[in-house]
> 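Pasting a structure below so you can have a look.
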Amino acid sequence: MDAVLEYAPLLWRGTVTTVELTLASAALALVISFVVGLARLSPYRAVRWLAIVYLEFFRGTSALVQLFFMYFVLPLWGIFLPPILAGIIACGCNLGSYGSEVVRGALQSVAKQQHEAAIALNYTTYQRYRYVLIPQAIPMMLPSFGNLLIELLKLTAVTSLITINDLTYMSQIIRAQTALTLEPFLAILVIYFLISTVLIGGMKWIERRTSKGRNTIVRQGA
Amino acid sequence: GAGTLDEIRERGYAIVAVANEPPYSDIKPDGFVTGAAPDVARAVMKKLGVPELRSQLVPYGSMIPALQARRVDMATSGLYIKPKRCESIIYSEPDLCGAEAFAVAAGNPHNLKTYEDIAANPELFMTTCAGCAEEAYALERGVKPEQIKVFTDPPSGIKMLQQGRVQVFALSGLGTQDLLKKTNDPNLELVMPVKGVPMGCAGAAFNSADDDFRDMYDKALKELKESGEFASIVAPYGFSAEATLAVKRDDFCPGN
Amino acid sequence: MFAGTRAQAVNADLRGQMQNIIEFQDVSKSFGSLQVLDDLNMHVVPGEKLALIGPSGSGKTTILRILMTLEDISAGEILLDGEPLWHEMRGGKRVRASEHHLRKMRDGVGMVFQQFNLFPHLTATENIEQPQVLTHRKSKAAAREKAAEMLSVVGLVDKRDHYPHQLSGGQQQRVAIARALAMDPKIMLFDEVTSALDPELVEEVLNVLRKLAEETDTTMLTVTHEMNFARDFADRVLFFEKGKIVEAGSPEDIFTNPKEERTRSFLRKFLTGIN
Amino acid sequence: MFAGTRAQAVNADLRGQMQNIIEFQDVSKSFGSLQVLDDLNMHVVPGEKLALIGPSGSGKTTILRILMTLEDISAGEILLDGEPLWHEMRGGKRVRASEHHLRKMRDGVGMVFQQFNLFPHLTATENIEQPQVLTHRKSKAAAREKAAEMLSVVGLVDKRDHYPHQLSGGQQQRVAIARALAMDPKIMLFDEVTSALDPELVEEVLNVLRKLAEETDTTMLTVTHEMNFARDFADRVLFFEKGKIVEAGSPEDIFTNPKEERTRSFLRKFLTGIN
Amino acid sequence: MEWSWSVAYDVMPRLAAGLIVTVQATLVGALVAYVLGLALAILKMSPYRLVAWSSYWSSEFVRRTPLLVQLYFLFYVLPDLGIFLEPFAAGVIGLGLHFSTYTSEVFRAGIENVPKGQWEAARSLNYSTIQTWRHVVLPQAIPPMIPPLANYLITMFKETPLLAAITVVELFNAANIYSNSHYKYLEPMTLVGTFFLLVSIPAAALAIRLENAFRRKA
Ligand SMILES: Nc1ncnc2c1ncn2[C@@H]1O[C@H](COP(=O)(O)OP(=O)(O)OP(=O)(O)O)[C@@H](O)[C@H]1O
Ligand SMILES: Nc1ncnc2c1ncn2[C@@H]1O[C@H](COP(=O)(O)OP(=O)(O)OP(=O)(O)O)[C@@H](O)[C@H]1O
Ligand SMILES: [Mg+2]
Ligand SMILES: [Mg+2]
């Protein structure tokens, strides 16, 4: 264990990379979730289809394959992504496809009457989503987003295979330098567990914050 | 093209692909990369007016695509000069040479001295890294693809050997030696050199379009070798400077 | 002003002389194979208070939803202030209304739903304020002032910062009424606004509506099953069945002396239930 | 046989001379800090039909659930046929009943629930047949025969192959009764077996119970809010409040001439509601 | 970069062999995930607080840490503790163990959705615990679980490339080995992606139909 402790600075840098990768991909995934989730509800068939193609592509293939494709194949076409960016894009796009289903599901579960009330008040489609539907849907999305965030954290471990110096990769370096196996793996398992537990705590905190003062379960009539 | 070195000079640092394999490369706990190959490269680049190397860890199997995709300016750290590779990339003059080695169970129960010995016994399994020279040596000498289990990193390979999943671990001599020393397992034994394969010589590798850069590098490397500084860099890592000085790139890849 | 409007409205003779604010011309509406409105003709003058009554499924809600553009029509024409609601002229051709046209037409219409449909994530004040800001581009301050005014009309000043779930059903419905009124619609639609309420809460909402009917000159259409209320509220009562008007007339005529047998049998049930 | 049983049961004088089939001795039961049964003493003779009545929360359901071993007791002792239900002797010591002991004791008890609790994945016949096979190790053929017999007792022969969701609530409840009866329990417990039913279905179930009360000598405890039914069904009525028996007596006594003021006030509400 | 059919043709047999391993790993892994998941669900619902608590947290530990690292752990660490697993075995155990933490939630939800009255009815008919599970609870709990369990099967299928890290030559690894020695990436990786889509899209469509079928029944 001492040898591993000696390499604590590497582990620390890996932890930072992993967290950065997770958060950056999460931001990307969030944007994609909303864009694709809303596109699924578009009145235009073509837009809906594009969204479905996106969804099925990223949900239907392995994240690792996507990662390798972005890292090794895209450059052959002149699309050059630095590894960390390829990692962020692959993780973000992959999780974004799952997130878009969460967004769509939550939006669809907002009562139809809320749509109608907004139309009756002459809101534009944009206003309807921006001010009425999305604010009501967000509290419903949060628990699923929390789970997806953990999936994302775990997914970032895969980026070690395209040489991103994340936690998992650092553990491989430590193994090469020290020829230890149990200790580095145990150490990063614990670190991953701690990170995800902190992330879950953070999401729970946000859930509590957003549900404060308002009750999203609409009590309508008797 | 020709401008690569100028770009690097302007930038102030070069991005170098480094493998995770002591003693070719050696990563300090603070993340600083040394080891024989990066140290040579660092000295050469200093001569070329580039004060800093930034290293990126890349497995052997991924170094060539990384060069082709220009993810790195050059690759160092023990990428052997091989004709097949020379089709895709270009090399500097050799910078590190060493014999090949096997790691086997103590007492070498299957009496493995050459790749042919492995090929002769299809029951046996060997492990080496993906896309490594050793894999090519093995296949060229009749080892069946099913006999080769590719490891993700050398310590995993040693683990497989210790656990009996494979009977032989093949890698560069010094790499294997270093690993066995760290593992410190009395049940393992080093076979070095492996007969019937040439001494492996590595060079710094470049994108095929960067021949100007490569030529400048060669010139600086030559100066380094002649000044004796080269020997003083590689010797502490266990490499023999004479062995390296005795060979030329054209011995492996004529016209590369 | 108010007295004049009422008088005009009840006086059927005058009706031809002024512009109808709502005009249904041979309107039909089907859901799949189910015909809900059947060649309906109907006229409403500005300021008129109309009560729509009739058995369940007769198409009353559908009429309001069509006026609110929540459903389109299958055939016929509807004019609001003389302008077609569901069609427009483009390049000399009569085409189905675009969203742009509908938005323009919707501006003069407000609706209160059976299920209130307040926005649960906004307080009472915000519920009234937001639509003014978003659709009428009012300043936040002006919208807030109007919201306060409307809350006092419906008697809920003290609940202004409550969220819907913190309000009783009757209070929620009054906020919904205030929200619709704050948009200054020329036409207000009320669809069984009390039927989702517990019996003791019904009166507080109906009283607000009675007061509105007295005090404003907005045209109002209300679907209701509360006959006593319809009598107080309406200038004219329309009795529907199977998507057609069976009988229309002043509350006095309809409730005390209906001409049609069908009306009489329908009202018998209700009137005995109420008194 | 039947006449004798009834006669014994109503005749309070005889009670001391025969073995009680159920005996509650100072039974208390608490849920957390809430005391639901309070030092309860109660005796039931074999074949007796008992109706348990009382306000909501008085502990009636809890008594049945304890007898069915769905809840344990906090203090006191319950004897079934003289044998402790919730305790047993092991190595000369009195210990809390083991699952083994409970299984043995449960064998003589059957229960019908308010929510029927039929097994939804089994047909009516299978619902009745399976418990006989599983707990009484009967042959499938014998169990099926008994099932047919029971279905005819409750008048549902023609529904034998229907799944619960294909049956009305009243029919489901009758199957549940048949299922419990098929196990030949010595004691049957009925907990508001009609309160989940629509009013028109209530009578069909109560009639089945009336018939059973007449025709079998099984001991029956029924919790009910149907006072007319309690009067027809019971040999003895127990009126509970707050986990205690306030008054006990023949239906005649309780329903026509209750001694306690509390009983009178409770029954006033019901009796006016029924007639 | 030009697509080369000869490369595609060359790599195809290896990919086909890899696909077989992928499918085998998925199916065996799923079996492990289902069996282990059910056991875990029952443990998590245990009346014994310590059992419930420790099974919950160990399952959370597995769920919150990456499968890749768990695979390394199973493959390289366990032998030191005397547990020696073949790559394929380590792979399917890793997959199964990891996904059992998900399937256990499906099982738990399915079991908790069986109304309490059903347990009580079984007790009132004097069923033993095993009979209650076997004849009352599971027959009702299992059908609604099938669609989510089928979805996890698809997810596991997509996770199999991780087994490459422990030397299982499944579809992805087959392509990767080829790429590393031939320096061709376009064709093998594109083909692997295509293979995945070819299997997972129809499978997903099937799962949706399954879901609808069960929803209609309910
Ligand atoms: N979206 C729809 N799709 C299909 N049928 C519909 C739809 N909306 C309404 N209907 C049908 O149209 C008929 C008229 O409905 P409408 O709601 O207008 O009746 P109503 O007079 O308001 O009745 P109620 O007094 O019950 O509210 C009913 O038979 C109804 O089932
Ligand atoms: N599992 C439980 N946990 C906590 N409290 C309980 C539980 N079961 C019953 N109680 C409480 O015990 C009291 C008695 O309940 P019980 O169901 O026996 O009343 P009851 O006489 O059957 O009433 P009702 O006529 O409403 O069915 C009630 O206050 C009830 O809330
Ligand atoms: Mg209606
Ligand atoms: Mg009860």
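If you're wondering where the values come from, they're calculated on a predicted model, not measured in any experiment. Values reported hereafter were calculated over all heavy atoms of this structure, with side chains retained and with hydrogens, waters and symmetry mates removed. Below, read A as the first sequence line, B as the second, and so on, with proteins coming before strands; counting in each chain starts at 1.
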> Just to verify, what does C/Lys186 make a salt bridge (Lys or Arg N to Asp or Glu O under 4.0 Å) with, not counting sequence neighbours?
C/Asp81

> Could you check A/Glu116 against C/Arg65 for side chain to side chain contact (heavy atoms under 4.5 Å, CB included), going step by step and ending with a plain yes or no?
CA-CA 9 Å; A/Glu116 297 192 339; C/Arg65 288 173 60 82; 2.6 Å; yes

> When you look at OH of A/Tyr44, are more than 12 heavy atoms from neighbouring residues, nucleotides or ligands closer to it than 6.0 Å?
no

> Is it the case that the side chain of A/Gln127 and the backbone of C/Leu134 share a donor-acceptor pair, with hydrogens and angles ignored and the cut-off at 3.5 Å?
yes

> Please look at A/Thr124 and chain C and tell me whether the side chain, the backbone, both or neither of the residue comes under 4.5 angstrom of a heavy atom of that chain.
both

> To check you understand the geometry: which heavy-atom pair defines the closest contact between A/Gln114 and C/Leu118, and what is its length?
NE2-O, 2.8 Å

> Tell me whether the count of non-hydrogen atoms from other residues, nucleotides or ligands lying under 6.0 Å of NZ in C/Lys140 goes above 12.
no

> Over all heavy atoms of both residues, which pair between A/Ala117 and C/Phe119 is shortest? Give the atoms and the distance, please.
CB-CE2, 4.1 Å

> With a 4.5 angstrom heavy-atom cut-off, which part of C/Phe113 approaches chain A: side chain, backbone, both or neither?
side chain

> For the candidates C/Glu99, C/Met183, C/Gln130, C/His136, which exhibits the highest count of non-hydrogen atom pairs separated by less than 4.5 Å from chain A?
C/Gln130

> What's the spacing between C/Asn117 CG and A/Ile119 CD1 if we round to 0.5 Å?
11.5 Å

> Might you point out which heavy atoms bring A/Ala120 and C/Met111 nearest each other, and give the distance in Å?
CB-CB, 4.3 Å

> So, the side chain of C/Arg103 versus the backbone of A/Asn122: is there a donor-acceptor pair under 3.5 Å, distance only?
yes

> When you measure from the side chain of C/His121 to the backbone of A/Ile134, do you find a donor-acceptor pair of N or O atoms at a distance under 3.5 Å?
no

